[in-house]
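To keep things clear, I will list the structure first and then write my remarks on it.
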2 protein chains.
Amino acid sequence: MDREELGKLSLPLIRVRARKVLFREGERLDFVYAVYSGTFKSCLSTADGREQVTDFQMSGDLLGLGGLSHGWHTSSAVALEDAQVHPIPYAALSKLDTAGESDVAQALVRLMSQEIVREQGLLLLLGTMHAEEKLAVFLLNLSACMKARGYSGLEFNLRMSRAEIGSYLGMTLETVSRTFSGFQQERLLEVDKRHIRILDLPRLASRVKSA
Amino acid sequence: MDREELGKLSLPLIRVRARKVLFREGERLDFVYAVYSGTFKSCLSTADGREQVTDFQMSGDLLGLGGLSHGWHTSSAVALEDAQVHPIPYAALSKLDTAGESDVAQALVRLMSQEIVREQGLLLLLGTMHAEEKLAVFLLNLSACMKARGYSGLEFNLRMSRAEIGSYLGMTLETVSRTFSGFQQERLLEVDKRHIRILDLPRLASRVKSA
DNA sequence: CGGAAGATTGAGCGTAGTCAAACCGAGTGG
DNA sequence: CCACTCGGTTTGACTACGCTCAATCTTCCG
């Protein structure tokens, strides 16, 4: 069993009282935790106070995996009742990765951790945002993505249909279309089918209330 | 860079035509892919045909990470335009993990992969389901989870508040409460605050249209 | 006993879903 | 060359699911 493999690393067992925060989003990641008893919730929060619970963990589950790529916690963990956890030192894990002759395993762990974080962002979007905010986030991400690849971040062609955007953002294609039109009305964008030009990036960004 | 590390493994570069399916949910995972050019969508689908796009991938992104825990693809990947990808043999990755003296890295990869899959399930729930279906999924998962830990799968106490359930499922606490009451009205459950007794598991399961 | 936190229920409203029609551009075949 | 189809997009009208606000009730705890 996986749990037992990891269990060998972690001798200590610490108690966590109900309602206590085991770690908080943004803190340095010194340990990953394996739940031994009790129940936790993992959650993300936005700047304006909305909260998205991303998981409930029970015995055998691991806490904090999202942070392995960069060494910072990407979510908070709170005990829902008195609980016990095994702390697993981050150092031990990174050492074990680096010790092996393969940097590949290490790279893989990092990439998978990034994927977890990315999906968490999408959970927050799907769970807490409205149509306008969702589409704004989508466009800003895409803009950053294009820019990072050397293209203009302000003018580009979408590769996906309205239906695909809608599926991604948890809304119908009609609502995607309407929201595009709304943004255009407000002079935030120019939209022509799949061609997008962002006219006012700061104001578009201000539509996003989250962190 | 991570990508270059992985790049060393993957000599070939294959072309994928627009609209072509690179791999499909449920197929055996022989390769993970690194996108070299073009754009892909990754998606999950339900039994009744709903589709949830979980990501759009561009150059440098990896495709198929969710399947690493058990060797089956957990999502489908479709090219949105003509594209090129580096196939990375699954065998190479698992060998590299197992070769090292640490089974820990291997266990870690497996656990992280499971976490990715779990989050994908939640994406599908948040993106495509209605209140009743969401709560039914939640209860069924919880039931399975309790059962797996040796408790009764049909009668248990919730550890979390209505608000926390609501946050998890992307609905308000009031809607959670009303939906519980609705289920009780229909004789699917007995609910008393946090105590739940499932009266008709099959009928509850039939409320869930997804895979 | 009083206060606080959680749960339930009701009433009204609003956002986004559904259904439908019209439009547009690309590709195909007569 | 034009007519036709087809997929994708836009827009409109209507509807409904779930959100908001609010009141009530219970349980727990000081």
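Both backbone and side-chain heavy atoms feed into the values below; hydrogens, waters and symmetry mates do not. Sequence lines set the chain letters: A, B, ... in the order given, protein chains first and strands last, and positions in each chain run from 1.
With values rounded to the nearest 0.5 angstrom, B:Phe156 atom CZ is found 4.5 Å from B:Leu142 atom CG.
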Hey, can you pull the donor-acceptor pairs under 3.5 Å for the side chains in residues 116-126 of chain B, sequence neighbours left out?
| unit_1 | atom_1 | unit_2 | atom_2 | d |
| --- | --- | --- | --- | --- |
| B:Arg118 | NE | A:Asp55 | OD2 | 3.0 |
| B:Arg118 | NE | B:Glu115 | OE1 | 3.3 |
| B:Arg118 | NH1 | A:Thr54 | O | 3.3 |
| B:Arg118 | NH1 | A:Asp55 | OD1 | 3.1 |
| B:Arg118 | NH2 | A:Thr54 | O | 3.1 |
| B:Arg118 | NH2 | A:Asp55 | OD2 | 3.4 |
| B:Arg118 | NH2 | B:Glu115 | OE2 | 3.2 |
| B:Glu119 | OE2 | A:Gln120 | NE2 | 3.3 |
| B:Gln120 | OE1 | B:Thr74 | OG1 | 3.4 |
| B:Gln120 | NE2 | A:Glu119 | OE2 | 3.3 |

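Not counting sequence neighbours, the partners of A:Phe56 by the ring-ring contact (aromatic ring centres under 6.0 Å, His included) test are B:Tyr168. Residues satisfying the side chain to side chain donor-acceptor pair (under 3.5 Å) test with A:Glu81, not counting sequence neighbours, are A:Thr39, B:Arg159.
Residue contacts for A:Gly170: at a heavy-atom cut-off of 4.0 Å it reaches the sugar-phosphate backbone alone, with no base atom in range.
Using a 4.5 Å heavy-atom threshold, the side chains of B:Ile14 and B:Phe31 count as separate.
The aromatic rings of B:Phe23 and B:Tyr33 sit parallel to each other, their planes meeting at less than 30°, with 60° as the upper class boundary.
Atom-to-atom, CE of B:Met129 to P of D:dG18 comes out at 13 Å; the value is rounded to the nearest Å.
Electrostatic pairing of B:Lys209 and B:Glu133 does not count as a salt bridge here, judged by no charged N lying under 4.0 Å from a carboxylate O.
Pairs of residues two or more places apart, or lying in two chains, that qualify as salt bridge (Lys or Arg N to Asp or Glu O under 4.0 Å) and include a residue from residues 161-177 of chain A are A:Glu164-B:Lys41.
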Taking only N/O atoms, report every protein-nucleotides 8-12 of chain D pair under 3.5 Å with atom names and distance.
| unit_1 | atom_1 | unit_2 | atom_2 | d |
| --- | --- | --- | --- | --- |
| D:dT9 | OP1 | A:Arg194 | NE | 3.1 |
| D:dT9 | OP2 | A:Arg162 | N | 2.8 |
| D:dT10 | OP1 | A:Arg162 | NH2 | 3.2 |
| D:dT10 | OP2 | A:Arg162 | NE | 2.7 |
| D:dT10 | OP2 | A:Arg162 | NH2 | 3.4 |
| D:dT10 | OP2 | A:Ser177 | OG | 2.8 |
| D:dT10 | O5' | A:Ser177 | OG | 3.3 |
| D:dT11 | OP2 | A:Ser181 | OG | 2.5 |
| D:dG12 | N7 | A:Arg178 | NH1 | 2.9 |
| D:dG12 | O6 | A:Arg178 | NH2 | 3.2 |

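Bracketed by its first and final contacts, the part of DNA chain C lying under 4.0 Å from non-hydrogen atoms of chain B reaches from C:dG6 to C:dA11 in 5' to 3' order.
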